[in-house]
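Start at 1 and go down the list; that is how both ligands and their atoms are numbered.
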Amino acid sequence: MICLTLSSKTVTSANAHAYALCVYEGFSVTKDISATVHAKFPILAQAVKQKAFKGSAQTHCVVSALHNKKLIHIILVGMGKKRGLHCTLESYRRALGKLIRTAECYKLTSIALQIPEASCFKESYDDVIQHTATTLHMADYRFDRFTKDKPSKIKRSITLCVGSYVTQVKKALSVGEVIGEAVNNARMLIDTPPSDLTPAVLAKHAESIARQHNISCKVLSEEQIKKMGMGGLAAVSAGSEQDCKLIIMEYKVSAKAPTVALIGKGITFDSGGLSLKPANAMETMKEDMSGAAAVISAMQAIAQLQPKVNVVMVAPAAENLPSGAAAKPGDIITFYNGKTAEVRNTDAEGRLILADALSYAVKHYEPDFMIDLATLTGACQYALGPFFTGMFSKHDSAARRVEVAAHSSGDRVWRFPMDDDYLPAIQTPVADICNIGKPAYKAGATTAAFFLHAFVGTTPWVHLDIAGTAFDVPGMSYYRTGATGAGVRLLIDLVMNWK
Ligand code: BES
Ligand code: ZN
Ligand code: ZN
């Protein structure tokens, strides 16, 4: 647990066990570290030199000393090289992650952190504070619900030394905290074992968020889903003993405001169904509801931050399991919008449940913009690896919006082409569309996006394939093994900065 407060004091006069400063590569103790620090700790320059600490990215240096008869630690964390005159916010975020890991290692529970000048990053001071708060919360997260040790219970207080900006940045601090909590809520849902997080449990969680933050939430049962003709969601859930759910949350600001629809894939466990996955590919398939976790958790923040757009969230949730009742390769199903699909591979189930959810959002809300997040394809994971989410859209202006939100939030995306040349890949003589692409067309992430496109009509729409970015991302100091909460920051940024 982390507790953030603002202070106008200098780091060395704040009451803390450690004083933390972020430095860029090639910094000089005398020129770049405030005089109050190196005047009080004349050994700092010598120690930095002796340890050959340069300020490179993802490195740190701890110097311990006596201050007012107390042992304190000065923690310098590197942000790497400046690009021109500036460091990137991402290098700062990673330095903050490193700071939390260092605090854990040294068991430090109170830290005073000198916030760098906004001019270091070409950003406003408010933005720097907001990102500081979000990132510190993200770095602090851990999933210890099932372990005897509960490190998440350790309270760590961090004083953000912001000089004369204390009143100005209060709002930015609380916004940043709300975003960080939303990211961590998504991670908690994703990290929860699949037998503990069934579609019904996920739906209950959404209902409790809605109740707590005063927005509306409706959950459709499997019976209702079947009656309404959502053949995709029903077919995927057929092999499971758990009922599927369609979770709908609404934040309404005004009838005149534009409406943004957020759709998230909620497969609480993906075994592949009768087209069973090999054991190793199934190991982390509790992550297959990361899209749903992201959109539900984004709603938690949206309800608190009150953007000027209406936001509706639709998350289809089901388990994909084999059984005597499961959908079979060769089955033909009918979706909510009346289209039919041949199910050639039951492991391509995400697009089947999303087809119904997209159709539902289009029909009931006629949104001005729609975005879906899904751990949709192994192909996307192979194409981009763990650091960039795959983005697909036929609307350049919609894609541009997402690129802007990606850049400012830190959830990076990379756009793939959606040329109609790929479209014949999902043709079949027996139904309107087929759920896997013909082998000659390769491009599995793109053909999956084309499948979804058949259900969005004329709505400006963006699809984010988070198969690579949602889980087990290596080498990022503010993540841990397990869920990352990919997309939550991006979604909140997108609706908060809507123009
Ligand atoms: N949930 C998987 C995709 C996935 C893979 C997510 C790895 C996260 C990490 C999806 O349902 C799936 O199995 N897709 C198949 C589609 C194929 C059968 C056309 C895939 O990518 O192999
Ligand atoms: Zn699958
Ligand atoms: Zn899946």
Point to revise | Criterion side chain to side chain donor-acceptor pair (under 3.5 Å) on Thr132 and Tyr92, from CA distance to verdict | key: CA-CA 8 Å; Thr132 305; Tyr92 174 55; 2.8 Å; yes
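- In this structure, Ile215 CD1 and Ile302 CD1 are separated by 8.0 Å, a value rounded to the nearest 0.5 Å.
- With respect to Asp288 and Lys265, a salt bridge is recorded, a charged nitrogen being found less than 4.0 Å from a carboxylate O.
- Ordered by chain and number, Asp270 OD2, Asp347 O, Asp347 OD1, Glu349 OE1 make up the set of protein N, O or S atoms under 2.8 Å of the Zn ion (ligand 2).
- Side chain of Asp191 to backbone of Ala483: a donor-acceptor contact under 3.5 angstrom is found.
- The aromatic rings of Phe146 and Phe143 sit tilted relative to each other, their planes meeting at an angle between 30° and 60°.
- Closest approach of Leu262 and Ala298 over heavy atoms only: CD1-CB, 4.4 Å.
- The closest donor-acceptor contact from the side chain of Thr259 to the backbone of Asn310 lies at 3.5 Å or more, if one exists at all.
- Heavy atoms of other residues, nucleotides or ligands lying less than 6.0 angstrom from NZ of Lys394 number more than 12.
- Using a 4.0 Å cut-off between charged nitrogen and carboxylate oxygen, Lys286 and Asp196 do not count as a salt-bridge pair.
- The residues lining ligand 1, counting any heavy atom closer than 4.0 Å, are Lys265, Asp270, Lys277, Met285, Glu287, Asp288, Asn345, Asp347, Glu349, Arg351, Thr375, Leu376, Thr377, Gly378, Gln381, Ile436, Ala467.
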